[in-house]
Amino acid sequence: APSDIREIPVDTKKHLGRFVAPYQSFVRLHKQEFSAMVALGMGVYVIHGDITDVLKKIESFDGFIELSSTIPAEYD
C-alpha cells in the first residue's frame, strides 16, 4: 500500500537500508521460492541504502528468511 515512509530518506548510520517490493515478492521470498541474493539479482527488490553493506549481510538475510519461513503463515 502507498505510504509516506517510502519518501523519507534512509538514515544509513542507524539502519542498513529499506527494502521495497510488491507484497507478492515478499510472499515468494518467505516461501523460499528464491534467495535474497536471487531477488536482488532479479530486480524484485529496490534497496534504499548502501548495496555494498547489504551484500555483506546477504547470508544473514537468507538465514532470517529460512527461520521465518518455519512460522505458519497465511498469505492473501
Side-chain angles (χ1 to χ4, degrees):
S3 171
D4 291 340
I5 197 169
R6 293 178 185 169
E7 304 301 321
I8 299 170
V10 176
D11 183 350
T12 56
K13 289 184 173 54
K14 292 183 179 180
H15 309 283
L16 184 59
R18 178 174 49 237
F19 296 79
V20 179
Y23 174 76
Q24 285 302 324
S25 297
F26 282 105
V27 170
R28 292 182 64 204
L29 183 64
H30 283 270
K31 288 182 175 182
Q32 293 189 302
E33 293 181 14
F34 45 71
S35 68
M37 184 61 134
V38 169
L40 291 175
M42 291 176 8
V44 172
Y45 289 85
V46 175
I47 298 174
H48 298 213
D50 187 336
I51 186 69
T52 305
D53 289 340
V54 170
L55 291 176
K56 290 176 187 175
K57 305 280 187 189
I58 202 76
E59 289 182 25
S60 297
F61 288 123
D62 281 333
F64 173 76
I65 297 304
E66 184 177 338
L67 175 64
S68 67
S69 70
T70 64
I71 300 169
E74 293 182 23
Y75 303 103
D76 293 333

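The chain is numbered in sequence order, starting from 1. Note that the coordinates shown come from a computational prediction; the quantities given were computed from them, not determined experimentally.
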Can you give me every donor-acceptor pair (side chain of residues 39-52, partner residue at least two apart or in another chain, under 3.5 Å) with its distance?
residue	atom	partner	partner atom	Å
Tyr45	OH	Ser25	O	3.1
His48	ND1	Arg18	NH2	3.3
Asp50	OD1	Thr52	N	2.8
Asp50	OD1	Thr52	OG1	3.4

Taking only residues two or more places apart in sequence or in another chain, which ones pass side chain to side chain contact (heavy atoms under 4.5 Å, CB included) with Glu66? Gln32
What residues, two or more places apart in sequence or in another chain, satisfy side-chain hydrogen bond (donor to acceptor under 3.5 Å, both in side chains) together with Thr12? none
Who else is in Tyr75's hydrophobic cluster (ILVMFWY, side-chain heavy atoms under 4.5 Å, direct or via others)? Tyr23, Val27
Applying salt bridge (Lys or Arg N to Asp or Glu O under 4.0 Å), can you list everything that pairs with Lys56, at least two apart in sequence or on another chain? Asp53
CG/Leu29 to OG/Ser68 distance, rounded to the nearest 0.5 angstrom? 7.5 Å
To the nearest 0.5 Å, tell me how far His30 NE2 sits from Phe64 CZ. 6.0 Å
Which atom pair, heavy atoms only, marks the closest approach of Ala21 to Phe26? O-CE1, 3.4 Å
Using side chain to side chain contact (heavy atoms under 4.5 Å, CB included) as the criterion, list what pairs up with Ser35, not counting sequence neighbours. Met37, Val38, Asp62
Where at least one partner belongs to residues 26-36, residue pairs that pass salt bridge (charged side-chain N to carboxylate O under 4.0 Å, His left out), sequence neighbours excluded: Arg28-Glu33
